[in-house]
J.: 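Mind looking over this structure? Questions follow.
When a ligand or atom number is given, it counts from 1 through the structure's own listing order. Hydrogens, waters and symmetry mates play no part in the numbers below; they use all other heavy atoms, side chains included.
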Amino acid sequence: MSRHSEAPRRITAPDIRARKGGEPIVCLTAYTAPMAEILDQHCDLLLVGDSLGMVVHGLPSTVGVTMDMMILHGQAVMRAAKKAMVVVDMPFGSYEASPEVAYANAARILKETGAQAVKVEAGVTVAPTVKFLVDRGIPVMSHVGLLPQAVNIDGKFKAKGRDEAERAAILAAARASDEAGAFAIVVEGVDETLAPEITAAVKAPTIGIGASAECDGQVLVVDDMLGLFGWTPKFVRRYANLKDEIDKAAAGYAADVRARRFPAAAETYSLSKARQARVAQRDKRG
Ligand code: KIV
């Protein structure tokens, strides 16, 4: 049997594209190997999102995220994910200046992580860059609507599509990235009536986050859906409350260490009979 036939088949950009109007695409963000290993079996797409700047590194926005950060986390996710397609976000400042700069950085991401595609936040002006990358062999997922990397323009994260001009600009951006060859389009934080319009207008599948169920798939930031923060945006559904679980676990550990209940005999190397007896006696004394 050849080496290739033993590896599980990884989902590809054409597989995702073919899901337009079909079975919904399941996507979550992932930033570390252990999390990617768990999510891989449930997701079609794992996004190494630049949201890692906020949820892993404690930055106030995604603007401070660097290429090196994205590559380090992309490598970790790729070591553990075997089935899902892995997409790595291009960080702020790595693709906007010119298609050539974008190509150099996107190629570096694909070479150094082994991921299958990159994602860019794409207004109409970024569409030629999407085309430049796709024409040169780099699959691109685009991102329209609320663009977190542009937070300094709005001054805060603000849902989009409130007036006709904003709706038209978002629709134009989605159409432009579709025509440029994006294999999928993330639609973030838009009025619920806009997502079906975008989904109907483009050939690429749309993947919504805060964009209504009228998309070809959904994505959430995994830390939000696991309840790792005290606060979650309106569009997040919490499937677990891990912040409270971790809090309880840490409190239990701290209490055990302070009361000398941890470690017990079973959690100690017993390398000699005499020592075993001493530990057992100590545990009995409490
Ligand atoms: O960085 C990220 O996690 C994202 C998702 C919100 C789509 O871009």
J.: Using a strict cut-off of less than 4.0 Å between a Lys/Arg side-chain nitrogen and an Asp/Glu carboxylate oxygen, indicate whether Glu37 and Lys82 qualify as a salt bridge.
T.: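 So Glu37 does not pair with Lys82 through a salt bridge.
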J.: Could you please spell out the steps behind the side-chain hydrogen bond (donor to acceptor under 3.5 Å, both in side chains) verdict for Thr113 and Arg108?
T.: CA-CA 8 Å; Thr113 66; Arg108 186 179 159 213; over 6 Å; no
J.: Does an N or O from Ser51, backbone or side chain, lie closer than 3.5 Å to an N or O of ligand 1?
T.: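 Among all N and O atoms of Ser51, at least one is under 3.5 Å from an N or O of ligand 1.
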J.: If you count the atoms of ligand 1 from 1 in the order shown, which ones are under 4.0 Å from a heavy atom of His143?
T.: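 Those atoms are 8 (O).
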J.: Under 4.0 Å from a heavy atom of Gly49: give me the atoms of ligand 1 that qualify, with their elements.
T.: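 Those atoms are 1 (O), 2 (C), 3 (O).
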J.: Which ligand 1 atoms are under 4.0 Å away from a heavy-atom of Asp89?
T.: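 This gives 1 (O), 2 (C), 8 (O) as the contact atoms.
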J.: Looking at Arg10 and Asp40, is there a salt bridge between them, counting it only when a charged N and a carboxylate O are closer than 4.0 Å?
T.: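 No, this pair does not count.
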J.: Counting non-hydrogen protein atoms only, what is the nearest one to atom 4 (C) of ligand 1? Give residue, atom name and distance.
T.: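 In this structure, atom 4 (C) of ligand 1 has Leu47 CD2, 3.6 Å as its nearest protein heavy atom.
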J.: Salt bridge between Asp191 and Lys160, side-chain N to carboxylate O under 4.0 Å?
T.: no
J.: Could you identify the single nearest non-hydrogen protein atom to atom 6 (C) of ligand 1 and state the distance to 0.1 Å?
T.: Ile209 CD1, 3.6 Å
J.: Less than 4.0 angstrom from a charged side-chain N to a carboxylate O is my criterion; do Asp216 and Arg17 meet it?
T.: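 No, this pair does not count.
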J.: Side chain or backbone of Thr62 under 4.0 Å from ligand 1, or both, or neither, by non-hydrogen atoms?
T.: neither
J.: Do Val186 and Lys119 come within less than 4.5 Å of each other through their side chains, counting heavy atoms only?
T.: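 Counting from C-beta outward, Val186 and Lys119 do come under 4.5 Å.
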J.: Would you call Asp44 and Arg19 a salt bridge, taking side-chain N to carboxylate O under 4.0 Å as the test?
T.: yes
J.: Heavy-atom distances under 4.0 Å decide this one: backbone, side chain, both or neither, for Thr29 against ligand 1?
T.: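 Contact part for Thr29 vs ligand 1: side chain (C-beta onward).
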J.: What do you reckon, does Asp50 have a nitrogen or oxygen under 3.5 Å from a nitrogen or oxygen of ligand 1?
T.: yes
J.: Looking at atom 8 (O) of ligand 1, what's its closest protein heavy atom, distance included?
T.: Lys119 NZ, 2.8 Å
